[in-house]
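Below, read A as the first sequence line, B as the second, and so on, with proteins coming before strands; counting in each chain starts at 1.
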Amino acid sequence: MKEKELRRSMSVFPIGTVIKLTDLSARQIRYYEEQDLIHPQRSEGNRRMYSLNDIDVLLEIKDYLAEGINMAGIKRIYELQEKEKEEKSRQSEKTLTDDDVRKILYSEFLSISGLSPKDKNKLMNNPFRNQH
DNA sequence: ATTCTAACA
DNA sequence: TGTTAGGA
C-alpha cells in the first residue's frame, strides 16, 4: 500500500486543471500556497504542478471556507496535523529501535551459544524461535 | 493558449 | 480576492 501514496504525491496537474477540479480561482490557489497549505512543485518553465494530495487539501480548504473558517483558523488546523505527524514519526522511530534491540539480542544470543543462524532450530528453548 | 509575478483605478 | 499588465 506504499505505491498508492507515491502516485498521490506525484505532481502532474497544471493550475488550469486544478481550477476546474476545485472551482477555486488561480489567485486563491496561489495564495493558499503562499500560506504553506500546499506545496506544488515547479516544472522546467517555472509552472506549478499539483499532486492529487494538493487537490485534496484544496478541496478541504474550500469546505472549511464554506463553514465560515478564516485563513488563520485553517492554518491552525494544518499546523496541528503536522505536529501530530511529527509525534507519530517519533513513535515509529521508537518501534524500529525496539525491533533493532531484538535483533541485537538475537545475534548476541547466537554468539554466546556458539551456534550459527542455521542451528537455531536445534534448540529446544530458543526464545527467538519463529521470529526470523 | 497557459501560466507567472507584481501591483492596484 | 478580483483584475490587469507585461513577459516567458
Donor-acceptor pairs are to be reported for all side-chain atoms of residues 18-40 of chain A against protein atoms at under 3.5 Å, with residues two or more places apart or in another chain.
unit_1: A:Thr22; atom_1: OG1; unit_2: A:Val18; atom_2: O; d: 2.7
unit_1: A:Thr22; atom_1: OG1; unit_2: A:Leu24; atom_2: N; d: 3.2
unit_1: A:Ser25; atom_1: OG; unit_2: A:Gln28; atom_2: N; d: 3.1
unit_1: A:Ser25; atom_1: OG; unit_2: A:Gln28; atom_2: OE1; d: 3.3
unit_1: A:Gln28; atom_1: OE1; unit_2: A:Ser25; atom_2: N; d: 3.0
unit_1: A:Gln28; atom_1: NE2; unit_2: A:Tyr32; atom_2: OH; d: 3.4
unit_1: A:Glu33; atom_1: OE1; unit_2: A:Arg48; atom_2: NH1; d: 3.0
unit_1: A:Gln35; atom_1: OE1; unit_2: A:Lys75; atom_2: NZ; d: 3.4
unit_1: A:His39; atom_1: NE2; unit_2: A:Asp36; atom_2: O; d: 3.3

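- In this structure, CZ of A:Arg42 is placed 6 Å from P of B:dC4, rounded to the nearest angstrom.
- The strand DNA chain C forms stems, runs of 3 or more Watson-Crick or G-U wobble pairs with distances below 3.5 Å, at B:4-8 with C:2-6.
- Scanning for side-chain contact (heavy atoms from CB on, under 4.5 Å) contacts around A:Gln41 gives A:Ser11, with sequence neighbours left out.
- At the heavy-atom level, A:Gly16 lies under 4.0 Å from the strands shown only through sugar-phosphate atoms.
- Every residue two or more places apart in sequence or in another chain that forms a salt bridge (charged side-chain N to carboxylate O under 4.0 Å, His left out) with A:Lys2 is listed here: A:Glu5.
- Within the 4.5 Å cutoff, the side chain of A:Thr95 has no heavy atoms near those of the A:Ser92 side chain.
- In this structure, A:Arg42 has no salt bridge (charged side-chain N to carboxylate O under 4.0 Å, His left out) partners at least two apart in sequence or on a different chain.
- Listed by chain and residue number, A:Arg7 satisfy the salt bridge (charged side-chain N to carboxylate O under 4.0 Å, His left out) test with A:Glu3 (two or more places apart in sequence, or in another chain).
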Pairs under 3.5 Å (N/O, protein and nucleotides 1-8 of chain C):
unit_1: C:dT1; atom_1: OP2; unit_2: A:Gln28; atom_2: NE2; d: 2.8
unit_1: C:dT1; atom_1: OP2; unit_2: A:Tyr32; atom_2: OH; d: 2.6
unit_1: C:dT1; atom_1: O5'; unit_2: A:Gln28; atom_2: NE2; d: 3.4
unit_1: C:dT1; atom_1: O4; unit_2: A:Arg27; atom_2: NH2; d: 3.3
unit_1: C:dG2; atom_1: OP2; unit_2: A:Ser25; atom_2: OG; d: 2.7
unit_1: C:dG2; atom_1: N7; unit_2: A:Arg27; atom_2: NE; d: 3.1
unit_1: C:dG2; atom_1: O6; unit_2: A:Arg27; atom_2: NE; d: 3.4
unit_1: C:dG2; atom_1: O6; unit_2: A:Arg27; atom_2: NH2; d: 2.8
unit_1: C:dT3; atom_1: O4; unit_2: A:Arg27; atom_2: NE; d: 3.3

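- With sequence neighbours excluded, the residues that form a side-chain contact (heavy atoms from CB on, under 4.5 Å) with A:Ser9 are A:Asn53.
- In this structure A:Asp99 satisfies the salt bridge (charged side-chain N to carboxylate O under 4.0 Å, His left out) test together with A:Arg102, A:Lys103, sequence neighbours excluded.
- A:Glu33 places its CD atom 11 Å from the C1' atom of B:dC4, with the value rounded to the nearest Å.
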